Amino acid sequence: MSYLDELNDSQRQAVQHTQGPSMVIAGAGSGKTRVLTYRIAHLVKTGVDPFTILALTFTNKAAKEMKGRIASVVGYGEARNIWMGTFHSVFARILRSEASKLGYPSNFTIYDTQDSKSLLKSVIKEMGLDEKIYKPGVVYSRISSAKNNLISPREYMSNQDVMISDEASGKPRLGEVYMNYADRCFKAGAMDFDDLLFKTNVLFRDHPQALHAYQHKFKYLLVDEYQDTNYAQYLIVRKLAAVHENLCVVGDDAQSIYSFRGANIQNILNFKRDYPDYVLFKLEQNYRSTQTIVEAANSIISKNKDQIKKKVWTDNAQGESIELLRANTDNEEGRMVAQNIFETKMREQLKESQFAILYRTNAQSRSMEEALRKMNIPYKIFGGLSFYQRKEIKDLLAYFRLICNPKDEEALKRVINYPTRGIGQTTIDKIVLTARERGTSLWEVILDPIQSALQVNKGTASKIKEFVTFIERFHHSLGITGSYDMAYEVAQTTGILKDLYNDKSPEGVARYENIQELLNGVKDFSEQRRADGGDDRLDEFLMDVALLTDADETDENEDYVSLMTIHAAKGLEFPYVYIVGLEENLFPSQLSLSSRTDLEEERRLFYVAMTRAERRATISMANTRYRWGNLTYCEPSRFIDEIDKAYVKFPPNWNGQVSDMSDLGFGGGMEGWSSFNRQSGGAGSEGLNFVKKQDTAPVRIPIHVPRNFKKLNNTNDNGDYGPVEEVEVGMDVEHPRFGKGKVVKLEGGSPDTKATIFFPGSGKKVLLLKFAKLKVLPSTA
DNA sequence: TGCCCGGGTGTTTTT
DNA sequence: CACCCGGGCA
């Protein structure tokens, strides 16, 4: 039982108390993950069948890591059978097997936010409503929060308060939009993110025998990050745990940062009410951070009124002060941070992967990126547009989706005329209209246009027929053809592959590479499935794709500085953390200033950011910042003031608060920087000249690991065709497709550096370095 | 039907 | 500033 020796007293108690309801309040860095993993391992060790354990985590990555750690204690064979994953992925899986009870096909599509908004847009249009008033995004969040609170369209429309507030906001027909949207999703055999939780509740409410089965199946339940569960999630947990009541929830009220998506901190506070005989464990010793960081974080969070009393402490060394960097501009802020990272790295002989830059909004990544790029520091951005959201990927995936579920309306609209096959908007509108009149899916209309009385001319009709036959052919061979073979054939026969291949613009090359990457992902999946003896079907591949996120794919073999929002950093830790943009109206966000609870959530966010740091935390701000195009002046964030001064190292000119407007000049040795960065990507001559100067030095490309994806199959771990770090004019290189060639020209700033390469076999090609999988060959000279 | 251009608009945070 | 959308034109 050696693993028990690795725990402190309270951790061990939490691990060993397996029967009955319990709650673990785990301060930041207190070994929460360790408790969770050992608790599960302990269950298995003491004879509990892994199939009866359900562990709900906050990210897929957390589940994967935890599984790996459990496997090292109890072995892979046992660990793999534990039900573990995010709420969304676990219940998507359950919903698939119970789909027929809800009238859904088991291979229902999961709509991502883009799909949902696009569908909402057409619903709104078809209802003749003004898109300026019924903005899809706003409508989406309204519907989302309705679902998260388990309010069905019917209940929505019969709820007086809701109707009154919608009327007050000028959107009296929002309920109808909700109803039509839900109807269309259903007809398309699709669920959106929120449906995965909503429909699970419907399943458990309307099918007691199903609930009963799962209640008995899952004898042990664990929920991580319980403070961030919403009502729909709360109810699922409560129902599932009702029979055995072996429920262990783990969380930290001080780290509740997701109220905007319905997370309810009350869930933690109500635990006592729901399970009066629960046992409470508090983990208060922090093992992660220095004394300075822990105390500074405590001083911040103590400003919040709403909190469960606890005292996080540490035995760790005092450590370095929290340094405040103050810059004149956002770009200078980036430069100061990059410089600081560089110096620290050199001084302490560290790896890039030991650093993280955290920010409040995604938009802030830009100035950081530019600075890092200039200093040749490799970085990776998490979040933002993920791999699966790129147009070319969504297009090909839409084919896959349509083949697996032909009723998928959004997929059909996406590809019916891509690549162009002469079925234009007019025709699509007619199809949609006909489908609506007949109350069926678009697919059913085009499957039998005559029966549906679809009014199109002969030419169009035959083109539609051709398209239908094409999709049907693949649909019918789903059980026969393997996932990769089918995926490849689709990419091939639709002409997508060829189109992108022929597009030799850097963007085209990038898109081609992305498609290759997707195909390689399918190949990985296919091989994995065959090795495991499972079903190698394209619809199986598709199942979880919509639920994968950026954070799920990190590559430990690569070395880079991590850039992400604070939200995305939750649960992670880094030796050196930079929290940037500490300015009023940015952090805390201007949208939070009107209410105390919102402001307190911002403060918890700052607490989360600070407690990610192990050895040193650095904070920064800029006096001016470009915000949607124009220069704005910034005040230091109130949060700076809230850190106990004993732990902060202020800049020499720090006057306490309001920025001194007289020192806002761009001088002081910063020439070039602000003006260049401002015009980055544009045609500003000054900026371009500046880049050219850099070109004389070897261009080192930040390692941009394709998001979410494993390494390509055609690039192996030995570095063949790996992303190239340094390319110079005159170098001999090898390209996976074009073969050997010579670099003749480099242009543009990293990471968009384009290389002109002469390939004896295929002529001159202009390639984007970050995407071209080049291998540098030994010099022939 | 498809491409290009200009105007309007928008920023929290994510499964 | 950057993206999306709609209108105008080939």
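Since the model is a prediction, treat every value here as computed from it, not as a measurement. Chain letters run A, B, ... following the sequence lines, proteins first, then strands; residues in each count from 1.
- Under the rule for a salt bridge (charged side-chain N to carboxylate O under 4.0 Å, His left out), A/R612 has no partner lying at least two apart in sequence or in another chain.
- The separation between A/I423 atom CD1 and B/dG2 atom P is 11 Å, rounded to whole Å.
- At whole-Å resolution of the value, OH in A/Y140 and P in B/dT15 are 11 Å apart.
- Distance A/F260 CZ to B/dT15 P: 9 Å, rounded to the nearest Å.
- Taking atom CG of residue A/N630 and atom P of nucleotide B/dT11, one finds them 16 Å apart after rounding to whole Å.
- When rounded to the nearest whole Å, the span between CD of A/E600 and P of B/dT13 equals 22 Å.
- Rounded to an integer number of Å, the gap from CZ of A/R366 to P of C/dC1 is 9 Å.
- Between the side chain of A/R360 and the base of B/dT13, at least one donor-acceptor pair of N or O atoms lies under 3.5 Å.
- Projected onto DNA chain B by closest heavy-atom contact, A/L605 and A/G422 fall at different nucleotides, the more 5' of which corresponds to A/G422.
- Judged purely by distance below 3.5 Å, without hydrogens or angles, the side chains of A/Y418 and A/R414 never pair a donor atom with an acceptor atom.
- An OP1 or OP2 oxygen of B/dT14 is reached within less than 4.0 angstrom by a side-chain nitrogen or oxygen of A/T565.
- When the P atom of C/dC1 is taken as reference, atom CD of A/E370 falls 11 Å away, rounded to whole Å.
- Between B/dT14 and A/N362, a contact under 4.0 Å exists linking OP1 or OP2 to a side-chain N or O.
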Are there any protein N/O atoms within less than 3.5 Å of an N/O atom in nucleotides 7-10 of chain B, and if so, which ones and at what distance?
| unit_1 | atom_1 | unit_2 | atom_2 | d |
| --- | --- | --- | --- | --- |
| B/dG10 | OP1 | A/K135 | NZ | 2.9 |

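- Under 3.5 Å, the side chains of A/D224 and A/T57 contain no donor-acceptor pair of N or O atoms.
- Using P as the reference atom, C/dC4 and B/dT13 are 16 Å apart when rounded to the nearest Å.
- Shown here are the side-chain hydrogen bond (donor to acceptor under 3.5 Å, both in side chains) partners of A/E392, two or more places apart in sequence or in another chain: A/N514.
- As judged by a 4.0 angstrom heavy-atom cut-off over every strand, A/Y258 is placed among residues touching the sugar-phosphate backbone only.
- Under the 6.0 Å distance and 45° angle rule, A/R96 counts as a cation-pi partner of A/F108.
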Is there any protein nitrogen or oxygen under 3.5 Å from a nitrogen or oxygen in nucleotides 4-7 of chain C, and what are the pairs?
| unit_1 | atom_1 | unit_2 | atom_2 | d |
| --- | --- | --- | --- | --- |
| C/dC5 | OP1 | A/K121 | NZ | 3.2 |

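- Among the heavy atoms of the strands, none lies under 4.0 Å from A/S592.
- At a threshold of 4.0 angstrom between heavy atoms, the contacts of A/S89 with the nucleic acid are absent.
- Taking only side-chain atoms of A/F193, from C-beta outward, the nucleotide of B/dT15, C/dA2, B/dT14 with the closest atom is B/dT15.
- Counting non-hydrogen atoms under 4.0 angstrom, A/D112 reaches nothing in the nucleic acid.
- A search for side-chain hydrogen bond (donor to acceptor under 3.5 Å, both in side chains) contacts involving A/K413 returns A/S122, A/E409, A/E410, not counting sequence neighbours.
- Annotation: of the two residues near DNA chain B, A/F58 and A/N417, the 5′-most nearest-nucleotide partner is A/N417.
- The distance between the ring centers of A/Y104 and A/F186 falls below 6.0 angstrom.
- With rounding to whole Å, A/H88 atom NE2 is found 9 Å from B/dT14 atom C1'.
- If you look at A/Y181 and A/Y111, their ring centroids are not closer than 6.0 Å.
- At least one cation-pi condition fails for A/K303 and A/F639: the charged atom is not both under 6.0 angstrom from the six-membered ring centre and inside a 45 degree cone around its axis.
- Scanning for side-chain hydrogen bond (donor to acceptor under 3.5 Å, both in side chains) contacts around A/K394 gives A/D112, A/D115, with sequence neighbours left out.
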